[in-house]
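One structure below.
Note on naming: letters A, B, ... go to the chains in the order of the sequence lines (proteins, then strands), and numbering restarts at 1 for each one.
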Amino acid sequence: GQNIDQPTEMTATEGAIVQINCTYQTSGFNGLFWYQQHAGEAPTFLSYNVLDGLEEKGRFSSFLSRSKGYSYLLLKELQMKDSASYLCAPSSNDYKLSFGAGTTVTVRA
Amino acid sequence: KAGVTQTPRYLIKTRGQQVTLSCSPISGHRSVSWYQQTPGQGLQFLFEYFSETQRNKGNFPGRFSGRQFSNSRSEMNVSTLELGDSALYLCASSLEGTTPYYEQYFGPGTRLTVT
């Protein structure tokens, strides 16, 4: 089964850093995706972690701890265009991707 | 390379009718997944197809079905529509599937409204 928990909303100021936490309980877990979804648009891929540790990609970084069932997405140097919903999505070895409810990040000037 | 396309983009149906949605994956992608997105439930997995075979399905009633053709294009069908089926239906394609390193590319979705 799947149980994914992430905060509903977060607000931060332009230029700041925000960390979105995600905890999961996923049968047959093999990796975790983060997707970004702007209002009215389809989700787009941000990152994928399969091993423990931090993956850095520009202003975005993602961390995974498989033993703790925990991941976070770190957004640095926030820009107005980063206002969106961020979806935590653990994948399992039965070809299934399950999504959390999403964290809506609002960036204020 | 063209992205994932879905048709139609918008659809209005009445209760009891049935509907068929279409998805064309990115060229070369053989895996197609379908999701239902609603404000209350978020993104929920419907089913995944690879080489015309359904490999997994989510917890949806049998009214929801799908298929994949030899060219990887996929359709999903919802029969006997209910008001609660109103949602954004998203299709996503990937090279092989969701594991281990294959990211999914989403189409723009079909907005279905049931009245």
_Contact check, side chains of B:E103 and A:F33, non-hydrogen atoms, under 4.5 Å_ = yes
*asked:* Let me check something: do B:V4 and B:M76 share a hydrophobic cluster, defined by ILVMFWY side-chain heavy atoms less than 4.5 Å apart, either directly or through other members?
replied: no
_Engaged part of B:Q37 at the chain A interface, taking heavy atoms whose separation is under 4.5 Å_ = side chain
*Kindly work out whether a path of hydrophobic side-chain contacts (I/L/V/M/F/W/Y, heavy atoms less than 4.5 Å apart) joins B:L21 to B:I12.*
no
*Please answer whether the main-chain N or O of A:T44 pairs with a side-chain N or O of B:Y105 as donor and acceptor at a distance below 3.5 Å.*
no
*For B:N59, does the CG atom have more than 12 heavy-atom neighbours from other residues, nucleotides or ligands under 6.0 Å away?*
no
*Counting only heavy atoms not in B:R63, do more than 12 fall under 6.0 Å of its CZ?*
yes
*Should A:L97 and B:Y35 be marked as a side chain to side chain contact (heavy atoms under 4.5 Å, CB included) after you check the CA-CA gap, both sets of side-chain angles, and the distance that decides it?*
CA-CA 10 Å; A:L97 193 62; B:Y35 299 88; 3.3 Å; yes
*Under 6.0 Å between the ring centres of A:F99 and B:F45?*
no
*Just wondering, more than 12 heavy atoms not from A:E77 lying within 6.0 Å of its CD?*
no
*asked:* I want to know whether B:F106 and A:F45 have ring centres closer than 6.0 Å.
replied: no
*asked:* How close do B:G107 and A:A42 get, counting heavy atoms only, and between which atoms?
replied: O-CB, 3.0 Å
*Would you say A:M80 and A:L46 are hydrophobically clustered, going by side-chain heavy atoms of ILVMFWY under 4.5 Å?*
yes
*What part of B:L90 lies closer than 4.5 angstrom to a heavy atom of chain A: side chain, backbone, both or neither?*
side chain
*asked:* Starting from B:L88, can I reach B:L11 by hopping between I/L/V/M/F/W/Y residues whose side chains sit under 4.5 Å apart?
replied: no
_Inter-residue atom distance B:L43.CG - A:S98.OG, 0.5 Å rounding_ = 10.5 Å
